[in-house]
Amino acid sequence: MTRCMARYNPKDVEPHWRKAWEEADVFRTSNDDDGRPKYYMLEMFPYPSGRIHMGHVRNYAMGDVVGRYKRAQGFAVLHPMGWDAFGLPAENAAMERGVSPRAWTYDNIAAMREQLKALGLSIDWSREFATCDPEYYGQQQRWFLKLLQRGLVYRKEATVNWDPVDMTVLANEQVIDGKGWRSGATVEKRKLTQWFLRITDYADALLEGLTTLDRWPDKVRLMQENWIGRSRGLRLTFHYAGAAPEDQGEGLEVYTTRPDTLFGASFLAIAPDHPLAEQLAAADPKVAAFVAECRRGGTSEAEIEGAEKLGLDTGIQVVHPFDPDWRLPVWIGNFVLMDYGTGAIFGCPAHDQRDLDFARKYGLPVRPVVLPADADPASFEVGAEAYVGPGRIFNSGFLDGLTVENAKSAAIEKIEAGAQGQGAVVYRLRDWGISRQRYWGCPIPVIHCKSCGLVPAPDDSLPVVLPDDVTFDRPGSPLLHHPTWRLVACPTCGGEAERETDTLDTFMDSSWYFARFADPTAEEPINKAAADRWLPVDQYIGGIEHAILHLLYARFITRALKDEGMLSAEEPFAGLFTQGMVTHETYRRQNGDWVEPSDVAFETEGGVRIARLKQTGEALTLGDIEKMSKSKKNVVAPEDIFEAYGVDAARLFVMSDSPPERDVQWTTGGVEGANRFVHRVWAEFDSQPEAGGQAPDLSLADNGQALELRRATHKLIGWVTDSIENFRFNSGVARLYEFLNILRAAPAAGASDAVLAARTEALEVLARLVAPFTPHLAEACWQRLGAEGMVVNAPWPKADPALATDSTVVLPVQINGKRRGEVTVAKGTDEAQVRALALADSGVSVHLAGLTVRKVIVVQDRIINIVAN
RNA sequence: GGGGACGUGGCGGAAUGGUAGACGCAGCGGACUUAAAAUCCGUUGGAGUAAUCCGUGUGGGUUCGAGUCCCACCGUCCCUACCA
């Protein structure tokens, strides 16, 4: 009997199944080994800004597809969720609206938790935590002190990037184009005592580790490699000619990767903040003025103003290492960086563009020493462009005639023999500055005592908890302003002492959360047995914007904690996928104001789409397709979409329209298409006569339409499986759509028993294949079939190879590469037969009239190409 | 300046070196409706009545065969940047 068709209503169905999953507690994951292989599925945890956006929907939908699929494949899946909850926005809210950062953050978490739960994600919510929970950051303080003990943490006075608006120090990575990554304010240089982590100790390990990450995008590995920036070269000292400046040693140490060009040297340059420059500045107002000018430009303006090179001749001269009579001037150059290499360089203008620009500006000699293969040594000159290519060394004494590579080795050997320097490896990577002069972060658990110095907070005093009674009425850290918080007795001598008021960079919080998820209530930071069961994360998903910062820091901390014996994994993330953004078309009024999508009405005139303002009918300009942002007013709120179409349609659309690594453009038409699919799928299940859980008699369905449907069903299994395995969700969804069309062409109404049997099988497979994408719909369909239990617990379907492969193939027949006909043959038909059939084909013979067949290429089960003229 | 990715219908995009344009959107025609929406059916790269021809940024090359591989160029986007 057929039930009456009822339109699928996600508003009833979706909450019902979410409740059913929750009541059955299906997503709770045990740490006990139950014999199933483990799979750790993790998406980058969200910052609790207050509400989820479409980017979250896409990110978590992807993870959920993989998680549910792996579950069905028989894996024990760990799929947790938490909150990256420290950070500036909470303090900004406190300043702007007078709310407490804590209350603001936890309110946001509560709101976003509800929204994420509405997505129907297969999350084990019992493991949830926020990084601002004292239970979490107290454990972070615990391992921080272990790293301090190991010497991985240190303090130093450093020139730091100071954000004058946010009143905080920024890491190099947080300075973008000389601006603070959050405030956008021009960053200044300041000297402060800061806390650092010795990430550079791990530079080589982090570099080598990249080669083991074969399930990471090449792009991300390359970005990290460049960021670490290992280079091999030579450190050498140029001795001062005449009296050495006081306290500056025998000479100036420089670093170079081009020791082969030493004979092309025409000057040395030191950074404006080089000790020698500072000493000279103290004695000479002219130098002081120049140094001040360089500093004013800072790291920021240099680029904007086209990197104008500035220099000042100090009057000091040094001796060339290969020629005691050769003197080189020492300049101060604004383009020399104190924190790379030694803060001093030798300039070889002929073979370095930057040195050439400098030499041309200040009239310094340009002396070529590398000769391109086809150049004449007598006439070769360097004009406006430095020659940086390969060649033979000339004008260079003992290096003459050598290749660039051989000359490098020879020069290093000679310098080392003369004890003037040695070969060296230098990294671009700097140590990680981790202290922030902020309130809403993890307090650094250290006490400053006048007599004992730095004293770690005793273990039984952890966590060092942030005080709640703070004020934000002045710039700077509220912890510093707090009347009592920082006043403590020294744990060692009992005298008066003060707490450290700096807090940790929030990237510290996100550098180990994946390990804490293994056992979020453990008494120690990481339950080693649990972490060893789950780590590494098998599949990590997040935005490409974290390619360097977060992913490098997490790799570093994982190694540091491993060396501390706290876990066994060397790398935290075995597989990484970086998904694209969600974009939307933009709309502008004639006066340039942006208009929200919900205020736009569309019509078509002569096939051209026209946008109008709903209220007034004013014609709007269609703008670019851009990342959803409030400023462009092109944001679509997930909750509005859930309300209009249901969660499944929204999930399905973000998975369907573009490859997951690329941006997806949100369109109303697109989500409506996904919505149509949802309803059509339900209609197919709803129109199928109830089988009462009886297995279909598939022996009936061995020919005709029924067999075709069965073949399509079994092929579909393979396609959808591959699409999920290979992160090609859009193709998988397209196959599901295609299959629905086939199913609709064999409707239940008036169907034979054979077709009905094939349909029952098809529906039973379909419910399981759509389950990762549209889990609520899948449960409703599963129940409608009368199948046992919930589809969330059903195993992934297996394809019958006999049905998934065709017994016959249609072979196109080409003549000179153009398709002229086709022949249908049994799979595996041999070449001679295929050839005969092809040549006999009427469509083919017409085109062969008047031509001589020169060659017939037969690719078995694929194609025939006849070469004729 | 350095590094990377990409370029296919009106749009998003499919295509192990083997029938280019799957699937979806938009469009067009029709059914249902008093009407609209929704739904359903059909159609849809371009030119041509048709046979057929032309088509994957441009120009070469390899191959029986190229969207796919190689070389050069044009264009777009992203990352990074005075790194010695």
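Small disclaimer: the values here were computed from a predicted structure and weren't measured. The sequence lines fix the lettering, A, B, ..., with proteins before strands; numbering per chain opens at 1.
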Requested in this report: For A:R235, answer base if it contacts any base atom (sugar-phosphate contacts may also be present), sugar-phosphate if it contacts only those atoms, and nothing otherwise; contact means non-hydrogen atoms under 4.0 Å.
Outcome: nothing

Query - Assigned partner base of B:rC28, Watson-Crick or wobble definition, under 3.5 Å - result: B:rG42

Requested in this report: Give A:K627 one of three labels, base, sugar-phosphate or nothing, depending on what nucleic acid heavy atoms sit under 4.0 Å from its own.
Outcome: nothing

Query - Rounded distance in Å - CD (A:Q579) to P (B:rA5) - result: 20 Å

Query raised in the report: Base, sugar-phosphate alone, or nothing: which one does A:R728 contact when heavy atoms must sit under 4.0 Å apart?
Result: sugar-phosphate

Report summary line: In whole angstroms, the gap separating P of B:rG24 from CG of A:L736 amounts to 12 Å

Query raised in the report: Distance between the P atoms of B:rC11 and B:rG18, in whole angstroms?
Result: 26 Å

Report summary line: Considering only heavy side-chain atoms of A:A734, the closest of B:rA14, B:rA22, B:rU52 is B:rA22

Query raised in the report: Hey, does A:D352 reach any base, or is it just sugar-phosphate, or nothing, if we go heavy atoms under 4.0 Å?
Result: nothing

Report task. Give the rounded distance in Å between these two atoms: CZ of A:R819 and P of B:rA20. Result -> 7 Å

Query raised in the report: What nucleotide among B:rC41, B:rU80, B:rG13 has an atom nearest to a side-chain atom of A:W227?
Result: B:rU80

Query raised in the report: For A:R662, which contact category applies under a 4.0 Å heavy-atom criterion: base, sugar-phosphate, or nothing?
Result: sugar-phosphate

Requested in this report: For A:N741, answer base if it contacts any base atom (sugar-phosphate contacts may also be present), sugar-phosphate if it contacts only those atoms, and nothing otherwise; contact means non-hydrogen atoms under 4.0 Å.
Outcome: sugar-phosphate

Query raised in the report: A:V867 near the nucleic acid: base, sugar-phosphate alone, or nothing, with a heavy-atom cut-off under 4.0 Å?
Result: sugar-phosphate

Query - Closest listed nucleotide, where the reference is the side chain of A:Y340 and the choices are B:rC53, B:rC83, B:rC64 - result: B:rC83

Report task. Indicate, with a heavy-atom threshold strictly under 4.0 Å, whether A:Y255 touches base, sugar-phosphate, or nothing. Result -> base

**Report entry** Criterion salt bridge (Lys or Arg N to Asp or Glu O under 4.0 Å) on A:K715 and A:D806, from CA distance to verdict
**Finding:** CA-CA 9 Å; A:K715 281 183 202 164; A:D806 290 306; 3.0 Å; yes

Query raised in the report: What nucleic acid atoms does A:G673 come within less than 4.0 Å of, heavy atoms only: base, sugar-phosphate, or nothing?
Result: sugar-phosphate

Report task. Would you tell me whether A:S656 and A:Y737 have side-chain atoms, one donor and one acceptor, within less than 3.5 Å of each other? Result -> no

Query raised in the report: What nucleotide among B:rA81, B:rC53, B:rU19 has an atom nearest to a side-chain atom of A:R428?
Result: B:rA81

Report task. Could you tell me the separation between the CG atom of A:N675 and the P atom of B:rC25, rounded to a whole number of Å? Result -> 11 Å

Report task. Counting heavy atoms from C-beta on, name the nucleotide in B:rA84, B:rC54, B:rA22 closest to the side chain of A:E738. Result -> B:rA22

**Report entry** Residues A:Y587 and A:E585: side-chain donor-acceptor under 3.5 angstrom
**Finding:** yes

Query raised in the report: Where the side chain of A:T721 meets the backbone of A:I717, is there a donor-acceptor pair that is under 3.5 Å apart?
Result: yes

Query raised in the report: Which is true for A:R221 with a 4.0 Å heavy-atom rule: it touches a base, it touches only sugar-phosphate, or it touches nothing?
Result: nothing

Report task. Please say whether more than 12 non-hydrogen atoms of neighbouring residues, nucleotides or ligands are located less than 6.0 Å from CZ in A:R428. Result -> yes

Query - Nearest-nucleotide pick for A:R862, side chain only, options being B:rG24, B:rA81, B:rU16 - result: B:rU16

**Report entry** Span that lies between the C1' atom of B:rA20 and that of B:rG9, in whole angstrom
**Finding:** 11 Å

Report summary line: For A:S266 and A:L364, the nearest pair of non-hydrogen atoms, with its separation, is OG-CB, 4.2 Å

Requested in this report: Round to the nearest Å and state the distance from A:L337 atom CG to B:rC82 atom C1'.
Outcome: 6 Å

Query raised in the report: Do the side-chain N or O atoms of A:R820 get closer than 4.0 angstrom to the phosphate oxygens (OP1, OP2) of B:rC53?
Result: yes

Query raised in the report: Which comes earlier along RNA chain B counting from the 5' end, the contact point of A:S656 or that of A:N226, where each point is its nearest nucleotide?
Result: A:N226

Query - Pairing nucleotide - B:rC77, Watson-Crick or G-U, each distance under 3.5 Å - result: B:rG4

Query - Residue list, side chain to side chain contact (heavy atoms under 4.5 Å, CB included) with A:T314, at least two apart or on another chain - result: A:L280, A:I316, A:V330, A:I332

Query raised in the report: What about A:F335 and A:F358, are their ring centers closer than 6.0 Å?
Result: yes

Query - Within 6.0 angstrom of A:K219 NZ, more than 12 heavy atoms from elsewhere - result: no

Report task. With a 3.5 angstrom cut-off on both distances, give the Watson-Crick or G-U wobble partner of B:rG48, or none if there isn't one. Result -> none

Report summary line: Regarding B:rG9, purine or pyrimidine glycosidic angle vs 90° from 0 gives syn

Query raised in the report: What is the base-pairing partner of B:rU19, counting Watson-Crick and G-U wobble geometry with both distances under 3.5 Å?
Result: none

Report task. Give A:N730 one of three labels, base, sugar-phosphate or nothing, depending on what nucleic acid heavy atoms sit under 4.0 Å from its own. Result -> sugar-phosphate

Query - Sugar-phosphate only, base, or nothing, as touched by A:L222 at under 4.0 Å among non-hydrogen atoms - result: sugar-phosphate

Report summary line: From CD1 of A:I857 across to P of B:rG17 the rounded distance in Å is 18 Å

Query raised in the report: When we call it a touch if two heavy atoms are under 4.0 Å apart, what does A:V856 touch: a base, just sugar-phosphate, or nothing?
Result: nothing

**Report entry** Span that lies between the P atom of B:rG7 and that of B:rC70, in whole angstrom
**Finding:** 14 Å

**Report entry** Rounded C1' spacing from B:rU68 to B:rU63 in Å
**Finding:** 13 Å

Query - Interatomic distance at P, B:rG10 relative to B:rC6, whole Å - result: 23 Å

Query raised in the report: Say you pick atom C1' in B:rU44 and the same atom in B:rA35; how far apart are they, in whole Å?
Result: 28 Å

Query - Span that lies between the C1' atom of B:rU19 and that of B:rU56, in whole angstrom - result: 15 Å

**Report entry** Out of B:rC40, B:rA22, B:rG13, whichever nucleotide has its closest atom nearest the side chain of A:R680
**Finding:** B:rC40

Query raised in the report: To the nearest angstrom, how far is A:L310 atom CG from B:rC82 atom C1'?
Result: 12 Å

Query raised in the report: Do the side chain of A:R354 and the base of B:rA84 come within less than 3.5 angstrom through a donor-acceptor pair of N or O atoms?
Result: yes

Query raised in the report: A:K855 side chain: which of B:rU52, B:rC64, B:rG13 is closest?
Result: B:rC64

Report task. Select base, sugar-phosphate, or nothing to describe what A:S731 touches, counting heavy atoms under 4.0 Å on all strands. Result -> sugar-phosphate

Requested in this report: Please measure how far the P atom in B:rG46 lies from the corresponding atom in B:rA36, and state the result in whole Å.
Outcome: 28 Å

Query raised in the report: Does one side chain, of A:Y427 or A:D204, offer a donor that lies under 3.5 Å from an acceptor on the other?
Result: yes

Query - Polar pair under 3.5 Å, donor/acceptor by atom type, side chain A:K219, base B:rC78 - result: no

Report task. Would you state whether a donor and an acceptor, one from the side chain of A:R676 and one from the base of B:rC40, lie under 3.5 Å apart? Result -> no

Query raised in the report: If you pin A:D657 and A:Q814 to their nearest nucleotides in RNA chain B, which one's is more 5'?
Result: A:D657

Requested in this report: Please state how far atom CZ in A:F773 lies from atom P in B:rC23, giving the value in whole angstrom units.
Outcome: 17 Å

Report summary line: Closest of B:rA84, B:rU19, B:rA81 to the A:V810 side chain is B:rU19

Query raised in the report: Of the nucleotides B:rG65, B:rA14, B:rU19, which has the atom closest to the A:E822 side chain?
Result: B:rU19

